[in-house]
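Worksheet for the structure shown next.
In what follows, chains are A, B, ... by sequence order, proteins preceding strands, each numbered from 1.
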Amino acid sequence: MRIIRLTSVMAGAAVAAVFSVATVATGEPKSGYDFAEPETREMQDDDFSNPGMLIADYGGELWSTADGEANKSCADCHGDAAESMKGVKTRYPAYYQPWSKMINLELRINECRVNNQKAKAWKYESKEMIGLASYIGYQSRGMPMNVDIGGKATPFFQKGKEFFYERRGQMDLACSNCHEDNAGNMIRANLLSEGPSNGFPTYRLKWQGVGTLHRRFKGCNDNIRATPYERGSDEYVNLELYLAWRGRGLTVETPSVRN
Amino acid sequence: MKIERYVLPLLGAVVLAAAGMSVPANAAAEELVKFSVVDGQSIPASLTGKPGDPVKGREVAIHRKKGNCLACHTLPAPDQPYHGEVGPGLNGVASRLSEGEIRLRIVNPKYANPATIMPAFYRTEGLHRVAKKFQGKPMLTAEEVEDVVAYLMTLKE
């Protein structure tokens, strides 16, 4: 073990305290980028070598393509995304009055699909959804994550936080066991990060494609042999809010590259 | 001396098999055996009543779908790439801990440290949202636990 050696009776609370001093408690969260291999970072650094840019560009095409019964494109109402969508990702998930609960960017896109374009909702993990979420996220590149957890968002934030610290699955592990207590440690072949959300949708070498944050949640649940939730579920949206808050100040990297 | 008894339910192995789920051959129909925990630190008696096989134990410890101990520990297994650093290195563990203490840490290390990240390898109760395929099943069978205990007992400094 790199940082401290445990005696078998040492209390876990003390362990968590030692590690969190090194990470989250300083108020300086780290991006997954900081834990990535140099070659992976290089792929992300250059838009021409970043495979995630292909799907973001596809999202850009969809942005200006009329669709649905309203026969309108996103651009017809929102104009130039570089202006109208700048900074939007940094604020999501956000409290959404019509639902009296939180909404994330993917679900917000589908709201416009259904209500404004009068078109069929996209599947959560579809190429179209990932394309537009990447394209819109890209407009906030370099801006700090800055979600609002006050007011009506607070109870949802609390739920997300509980989820993060709750043990689950046959292996009985919480997100915090890996991404807080052991950030910076190797878990077999992987260097554990703090599990931040600032780079999503992300191109993963392992996926050979771009995926949403909720796909990653499912993967991290499956790995510990826990039953995952549906992508877009309230549980995952609240968890996303908590992660966005933990990573507040991290700059948006969409579409990031990870292994 | 505090003694706890742990009794666990019989598995529907037939049901699982009929549902076409991939059940590791020997982890299927196991009714968890009873065992006694001494002072929250030790399980002195073999779960099977017999000593385990250290050669098989090494395989179980390394296997990613079984022990996967290498996820978190280093082992004296230079043939294996990628040893984790979440837990302490296990080389020399038999010089630090007794057989019963090692067995407890594999069966359920939460007896010794409720906050540990290390999974319990022989426990099916009190878990939350276990994926269907793994419900009611321990991560390792009693035989596999004993094999791993036997392997760790060879790791003396």
Side chains of [X] and [Y]: does their closest heavy-atom pair fall under 4.5 Å?
X        : Y        : value
A:Met171 : B:Phe134 : no
B:His128 : A:Arg167 : no
B:Arg123 : A:Asp172 : yes
B:Ile117 : A:Asn182 : yes
B:Asn68  : A:Arg188 : yes

Which portion of A:Ile187 sits near chain B, non-hydrogen atoms under 4.5 angstrom:
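Both the backbone and the side chain of A:Ile187 come within 4.5 Å of chain B.
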
Just give me the residue among A:Pro228, A:Ala174, A:Cys178, A:Ala226 that pairs up with chain B most often, heavy atom to heavy atom, under 4.5 Å.
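The option with the most such pairs is A:Ala226.
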
I'd like to know which of B:Lys110, B:Met118, B:His83 tops the heavy-atom pair count under 4.5 Å against chain A.
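Highest number of heavy-atom pairs under 4.5 Å: B:Lys110.
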
Look at the side chain of A:Gln170 and the backbone N and O of B:Val130, then say whether any donor-acceptor pair between them is shorter than 3.5 Å.
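Flag not set: sc A:Gln170 to bb B:Val130 has no pair under 3.5 Å.
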
Heavy-atom count check: over 12 atoms from other residues, nucleotides or ligands less than 6.0 Å from B:Tyr82 OH?
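It does not: B:Tyr82 OH has 12 such atoms or fewer within range.
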
Is the number of heavy atoms from other residues, nucleotides or ligands within 6.0 Å of CD (A:Glu166) greater than 12?
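Yes - once you tally the heavy atoms of other residues, nucleotides and ligands closer than 6.0 Å, there are more than 12.
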
How many angstroms lie between OG1 in A:Thr227 and CD in B:Gln135, if you round to the nearest 0.5 Å?
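Rounded to the nearest 0.5 Å, the OG1-CD separation comes out at 6.0 Å.
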
What part of B:Pro114 lies closer than 4.5 angstrom to a heavy atom of chain A: side chain, backbone, both or neither?
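Answer is backbone: N, CA, C or O of B:Pro114 sit under 4.5 Å from chain A.
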
Chain A contact via B:Gln80 - side chain, backbone, both or neither, heavy atoms under 4.5 Å:
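For B:Gln80, the contact with chain A is made by the side chain alone.
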
